[in-house]
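Each remark here refers to the structure printed beneath this line.
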Amino acid sequence: MIDSKVALVESPKNALFGALVFPQQVWVATGSKNMLKRQALMPLQGRDVIVIPDCDAVSEWNNIIASMHDLANFTVSDFCHRMAPEGQPKFDIADYIVEKRFQPEPF
């Protein structure tokens, strides 16, 4: 498991949905957009980490991660920003998974 790529997301909801659909990664949540801090990421030292911020946090998280390049091999993804439907500034990876992977059944 130590060799698995880490997916770093904002909320526990995102980590849970991500782990269910993409179990090959280790999913870690910061807890909130403002909790992306060096001290909290110290356990990831030396790991390959893909950072998947919510749609509205790509620029901010990219700037924060840039100052931590010595901690881990971080790659910031703009996936949520690219996939967000028009007018949904809070779009996240869980929204994408629900929208694309699960088809609602009529009751």
Side-chain angles (χ1 to χ4, degrees):
M1 197 67 128
I2 193 75
D3 293 331
S4 298
K5 186 172 266 193
V6 175
L8 180 66
V9 293
E10 182 179 321
S11 75
K13 172 191 79 169
N14 290 331
L16 176 64
F17 277 74
L20 290 170
V21 177
F22 304 106
Q24 64 275 21
Q25 279 92 25
V26 175
W27 288 79
V28 177
T30 61
S32 75
K33 181 167 67 169
N34 299 326
M35 297 290 289
L36 184 64
K37 300 189 184 313
R38 177 179 276 282
Q39 187 171 354
L41 301 182
M42 291 300 289
L44 302 179
Q45 192 163 7
R47 301 289 299 265
D48 288 329
V49 181
I50 180 132
V51 181
I52 309 170
D54 291 1
C55 179
D56 65 336
V58 174
S59 178
E60 182 180 346
W61 276 30
N62 202 19
N63 290 337
I64 294 168
I65 289 296
S67 69
M68 296 187 218
H69 63 87
D70 60 313
L71 184 61
N73 182 24
F74 291 109
T75 303
V76 179
S77 172
D78 68 346
F79 179 81
C80 292
H81 181 73
R82 287 185 286 116
M83 295 293 122
E86 188 74 29
Q88 280 193 338
K90 293 298 217 173
F91 192 79
D92 59 30
I93 192 73
D95 294 329
Y96 175 80
I97 290 169
V98 168
E99 184 179 291
K100 297 297 181 189
R101 294 276 185 158
F102 301 108
Q103 298 300 318
E105 293 292 325
F107 293 101

Backbone N or O of T30 within a donor-acceptor pair of the K33 side chain at under 3.5 Å?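 Checked: no pair found.
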Treating D92 as the side-chain partner and A94 as the backbone partner, does any N or O pair qualify as donor plus acceptor under 3.5 Å? yes
Does a side-chain heavy-atom distance below 4.5 Å link [X] with [Y]?
{"X": "V58", "Y": "C80", "value": "no"}
{"X": "V26", "Y": "R47", "value": "yes"}
{"X": "Q25", "Y": "D48", "value": "no"}
{"X": "K13", "Y": "D95", "value": "yes"}

For residues [X] and [Y], report the shortest heavy-atom separation together with the two atoms involved.
{"X": "W61", "Y": "L8", "value": "CZ3-O, 4.3 Å"}
{"X": "C55", "Y": "Q88", "value": "SG-O, 4.1 Å"}
{"X": "V49", "Y": "A72", "value": "CG2-CB, 4.1 Å"}
{"X": "I52", "Y": "A7", "value": "CD1-CB, 4.3 Å"}

Distance from [X] atom [atom1] to [Y] atom [atom2], nearest 0.5 Å?
{"X": "K100", "Y": "M83", "atom1": "NZ", "atom2": "CE", "answer": "8.0 Å"}
{"X": "I93", "Y": "E10", "atom1": "CD1", "atom2": "CD", "answer": "13.0 Å"}
{"X": "D56", "Y": "H81", "atom1": "CG", "atom2": "NE2", "answer": "10.5 Å"}
{"X": "N34", "Y": "I64", "atom1": "CG", "atom2": "CD1", "answer": "8.0 Å"}

Pair D78-N62, side-chain hydrogen bond (donor to acceptor under 3.5 Å, both in side chains): steps then yes or no: CA-CA 9 Å; D78 68 346; N62 202 19; over 6 Å; no
Only counting residues at least two apart or in another chain, list the ones meeting ring-ring contact (aromatic ring centres under 6.0 Å, His included) with Y96. F79
Indicate if W27 and M35 have the same hydrophobic cluster label, given that clusters are the connected sets of ILVMFWY residues with side-chain heavy-atom separations under 4.5 angstrom.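 No: no chain of side-chain contacts under 4.5 Å links W27 to M35.
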How would you list, by chain and number, every residue that makes a side-chain contact (heavy atoms from CB on, under 4.5 Å) with A29, sequence neighbours excluded? V9, P12, A15
If the condition is side-chain contact (heavy atoms from CB on, under 4.5 Å), which residues does L71 pass it with, not counting sequence neighbours?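 With sequence neighbours excluded, L71 shows a side-chain contact (heavy atoms from CB on, under 4.5 Å) to R38, L41, M42, Q45, M68, F74, given in chain and number order.
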Got a sec: does the NZ of K90 have more than 12 other heavy atoms crowding it under 6.0 Å? no
